[in-house]
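Quantities reported herein were computed from a predicted structural model and do not represent experimental measurements. Naming convention: chains lettered A, B, ... in sequence-line order (proteins, then strands); numbering from 1 in each chain.
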Amino acid sequence: MGVNLRDLVTPVAVSLEELKGKVVAIDGYNALYQFLAIIRQPDGTPLKDSRGRITSHLSGIFYRTANLLEAGVKPVYVFDGKPPELKTKEIEKRIEVKERAAVEYKAALERGDMVAARKAAQATSKLTGEMVGQAKDVLVALGVPWIQAPSEGEAQATFMTKKGDAWATVSQDYDSLLFGAPRLIRNLTISGRRKLPNKPVYIDIEPEIVRLEDVLLELKITRDQLIDIGILLGTDFNPDGFKGIGPKKALKAIEEFGSLKAALEQKKVEADPTLDVEAIRDIFLNPKTTDDYRLEWGGINGNAVKEILCGSFDFSPERIEAALHRIEKETKELKKQSSLEKWF
DNA sequence: CAATTTCA
DNA sequence: TGAAATTGG
């Protein structure tokens, strides 16, 4: 589920207002998966249309994108392509977790434990190619660009951020920092209020920025060393990480020996003999990306949006129209700006 | 998650 | 009216 750098970074709060006029490259798979997991009824059932097709991902991407557009933010969604060979183990692991969650979901429903049922249901979330395609259709109708990454979406989004085509990479995962993203935005949500799982407690979740430069300065390390720390903790390409190593020991080992390679040679840390550290480092240092993309915010096609969401997926026309109306003014501005940019 | 409705 | 609860699909 991505590298967990939570304990090693210090995020700074950011408001939607501060993001006005800025391009954000959103990890599309990460966003859709989040919607699919979270937008559910108390018993864990996702939103569905009259034909039984899941619509949670569409509700999420429509309202989230509408809100970003209304705030004057320019989103571009980046979707995963073919995963690196080294990701196979992680993918198999995820499938296994989902299978176990499906069993637990059924059991929890049978004993009437709705809290456990919802939790298990979230873990069963499976994002299909068809669902991604539906989400892309909605984005096209909203005039919002999406990009197909050749491989990892976070790598492509980060490539665009490094180039300056985007101001920040948006994801809940920290992997983009290993890819070298200068800015990572997490919790890019609108409502900012979230219930703590299992407890009747609400906490404020506000969007936050993690700046790579700050992370490196604070930890007094280089990006190369951050990648090594990531590998010690576990990435999608070595999901188990190193036995007995958490953030503190990982940082200490790198401080002491300078690199993972040196720490291994000095027997400071012990690795699974099949682990190819250099191959993993290479994914983060030289990821497969493309510059074959165009970023244009073409303006909203309300009828197309309604045709998809209301005509096909049973969304309420009143609700969709209200949301479309809210963003009308702002999208006209965006379209005007995009078309003007061609002249300069 | 976000929108809408209900409630204090 | 703002926060809490419920609905959405």
**Asked** Whole-Å distance between B:dA3 C1' and A:E321 CD?
**Response** 15 Å

**Request:** Using whole Å, report how far CZ of A:F35 lies from P of B:dA2.
**Result:** 6 Å

**Item:** Separation of atom CG in A:L309 from atom P in B:dC1, rounded to whole Å
**Value:** 20 Å

**Message:** Tell me the interatomic distance from A:L47, atom CG, to C:dG9, atom P, rounded to whole angstroms.
**Reply:** 8 Å

**Message:** Could you tell me how far apart A:I39 (CD1) and B:dC1 (C1') are, to the nearest whole angstrom?
**Reply:** 4 Å

**Asked** A:F315 has an atom CZ; how far is it from atom C1' of C:dT7, in whole Å?
**Response** 13 Å

**Message:** With no hydrogens and no angle check, just 3.5 Å: does a side-chain donor-acceptor pair link A:D49 and A:T55?
**Reply:** no

**Asked** Which atom names give the shortest non-hydrogen contact between A:P75 and A:L68, and what distance separates them?
**Response** CB-CD1, 4.2 Å

**Prompt:** Within the modelled atom types, does a donor on one side and an acceptor on the other bring the side chain of A:Q41 and the base of C:dG9 under 3.5 Å apart?
**Reply:** yes

**Message:** Could you check whether atom NZ of A:K98 has more than 12 heavy atoms from other residues, nucleotides or ligands sitting under 6.0 Å from it?
**Reply:** yes

**Request:** Considering non-hydrogen atoms only, spot the tightest contact between A:A149 and A:E152 and give its length.
**Result:** CB-O, 3.8 Å

**Request:** Describe the nucleic acid contact of A:R64 in one word from base, sugar-phosphate, nothing, applying a heavy-atom distance below 4.0 Å.
**Result:** sugar-phosphate

**Fill in**
Between CG of A:L16 and C1' of B:dA2 the distance, given in whole Å, is 13 Å

**Request:** Mind checking A:P46 for me? I need base, sugar-phosphate or nothing, with any heavy atom below 4.0 Å counting as a touch.
**Result:** base

**Message:** By the 4.0 Å heavy-atom rule, please label A:R326 as base, sugar-phosphate, or nothing.
**Reply:** sugar-phosphate

**Message:** What's the separation between atom CD in A:Q172 and atom CZ in A:R186, rounded to the nearest 0.5 Å?
**Reply:** 5.0 Å

**Message:** Please determine whether a side-chain nitrogen or oxygen atom of A:N187 lies at a distance below 4.0 Å from atom OP1 or OP2 of B:dC1.
**Reply:** no

**Request:** Mind checking A:T55 for me? I need base, sugar-phosphate or nothing, with any heavy atom below 4.0 Å counting as a touch.
**Result:** sugar-phosphate

**Request:** Check the distance between C:dG8's P and A:R40's CZ and give it to me in whole angstrom.
**Result:** 18 Å

**Request:** Could you tell me whether A:S316 contacts a base, only the sugar-phosphate backbone, or nothing, with contacts defined as non-hydrogen atoms closer than 4.0 Å?
**Result:** sugar-phosphate

